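See below for the structure under consideration.
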Amino acid sequence: MLTQKQIRYCLDVMGNMFPDAHCELNHENPFELVIAVALSAQCTDALVNRVTKDLFRKYQTPEDYLAVSLEELQHDIRSIGLYRNKAKNIQKLCQLLIDEYGGEVPRDRDELTKLPGVGRKTANVVVSVAFDIPAIAVDTHVERVSKRLGFCRWKDSVLEVEKALMKKVPMEEWGLTHHRMIFFGRYHCKAQRPQCEICPLLELCREGKKRMKVKQK
DNA sequence: CTCCCGATAT
DNA sequence: ATATCAGGAG
C-alpha cells in the first residue's frame, strides 16, 4: 500500500500526463449523460458515442423513448453489447423519470441508483459530471489502476476501492482524480498491454516492477 | 456467483 | 481463440 503522499505524487504525475482528462461520453445535458453511461456498461465509450450520435437525434426526451416499441429501441442500440437489457432498462428508467421525478434527472446519487440500469458507478458519474457534485466513480480502469499501483488492497471490492480513494484524496479533487485515473488506465496502464517500460511511476508500482522482472527472463 | 452480449485488440 | 470494454440485476 502506498502512503497518502505517494498517492498524491502519482495523481500529480497522471495530471501531467493527461492534462485534459475529461468525460469522453458525448452528451449535451444530464438526461443524455444518464442514457450514455447506462449504455456504456461493458462496452467502450467510442462505441457508445457511435450509437448515441444517431440515438440522440431520434430521442430527446423520456417520452420519445417510450413512444417506440421495445424492439425498435433494441434495434437502434443493437451494435452495443447487452442491448436487450439496456433497451428494457432505458424504457423503465424513462417511465420512472416521468412518474417520480417530473421528467428531470434527479441530482442525488441515491435517487439515481433507484433507476433501473443505474448502479453506484453510473450514478457517481452522473452527479460528478452533470451536476459537479463530488464523487469518485470506480469503473474497471480506476479499479485496475488503484490495485496495480497500490492505492488500495488487491482484494478490495469496488466499493472498498471507492472508500479508500475518498479517504486519501481531498473532496474538491474527486472529480478530477477520477478522470485522470480513467485516462491513465485507458491509454497507459492498459489491461492487456500496460506501458510499464515507459511508465514514470514504475519505481513505486508493485505490479509494474513484478511485470518487468517476468519480462527479463 | 451467473447472466447479459457485440465490437475490438491482442 | 481469448480478453476486455466508463456494469447492473437476479
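These figures come from a predicted structure and were not determined experimentally.
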Within the structure shown, what part of the strands sits under 4.0 Å from [X] by heavy-atom distance: base, sugar-phosphate, or nothing?
X      : result
A:V48  : nothing
A:L115 : sugar-phosphate
A:G81  : base

Closest nucleotide among [options] to the [X] side chain:
X      : options              : value
A:L25  : C:dA6, B:dT10, C:dC5 : C:dA6
A:L47  : B:dC5, C:dA6, B:dA7  : B:dA7
A:S79  : B:dA7, B:dA9, C:dC5  : B:dA7
A:T140 : C:dA6, B:dC5, C:dC5  : C:dC5

**Request:** List in numerical order all residues of residues 152-173 of chain A for which some heavy atom is under 4.0 Å away from an atom belonging to DNA chain C.
**Result:**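 Heavy-atom contacts with DNA chain C come from no residue of residues 152-173 of chain A; none.
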
**Message:** Quick check against the 3.5 Å criterion: does A:R186 have a side-chain atom that pairs as donor or acceptor with the backbone of A:F183?
**Reply:**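 Checked: no pair found.
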
Taking NZ, NE, NH1 and NH2 as the nitrogens, is one of them in [X] or [Y] under 4.0 Å from a carboxylate oxygen of the other?
X      : Y      : result
A:K163 : A:E160 : no
A:R78  : A:E71  : no
A:D156 : A:K147 : no

**Message:** Judged by each residue's nearest nucleotide on DNA chain C, which is more toward the 5′ side, A:C43 or A:K114?
**Reply:**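 Result of the comparison: A:C43.
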
**Message:** Nearest heavy atom decides the nucleotide; on that basis, is A:V37 or A:T113 closer to the 5' end of DNA chain C?
**Reply:**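 Residue closer to the 5' terminus by nearest nucleotide: A:V37.
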
**Message:** Nearest heavy atom decides the nucleotide; on that basis, is A:L82 or A:K190 closer to the 5' end of DNA chain B?
**Reply:**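 The residue whose closest nucleotide sits nearer the 5' end is A:L82.
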
**Request:** Select from A:K86 and A:R50 the residue whose nearest nucleotide in DNA chain B is closer to the 5' end of that strand.
**Result:**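 Per heavy-atom nearest nucleotide, the more 5' residue is A:K86.
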
Side-chain N or O of [X] less than 4.0 angstrom from OP1 or OP2 on [N]?
X      : N      : value
A:R193 : B:dT10 : yes
A:T122 : C:dG8  : yes
A:R144 : C:dC5  : yes
A:R78  : B:dG6  : no

**Message:** Is there a side-chain contact between A:V126 and A:R109 in this structure, where contact means two heavy atoms from C-beta onward sitting under 4.5 Å apart?
**Reply:**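 Counting from C-beta outward, A:V126 and A:R109 never come under 4.5 Å.
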
**Prompt:** Does CZ in A:R206 sit with more than 12 non-hydrogen atoms of other residues, nucleotides or ligands closer than 6.0 Å?
**Reply:**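 Enclosed.
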
Using the [atom1] atom as the point on both nucleotides, what is the distance between [M] and [N], in whole Å?
N     : M     : atom1 : answer
B:dA9 : C:dA6 : P     : 12 Å
B:dA7 : C:dG8 : P     : 22 Å
C:dC5 : B:dC4 : C1'   : 14 Å

**Item:** A:T113 side chain to A:D110 side chain, donor-acceptor N/O pair below 3.5 angstrom
**Value:**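 A:D110 and A:T113 do not have a side-chain donor-acceptor pair below 3.5 Å.
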
**Message:** Tell me the interatomic distance from A:I77, atom CD1, to B:dA7, atom C1', rounded to whole angstroms.
**Reply:**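 Nearest whole value for this atom pair: 14 Å.
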
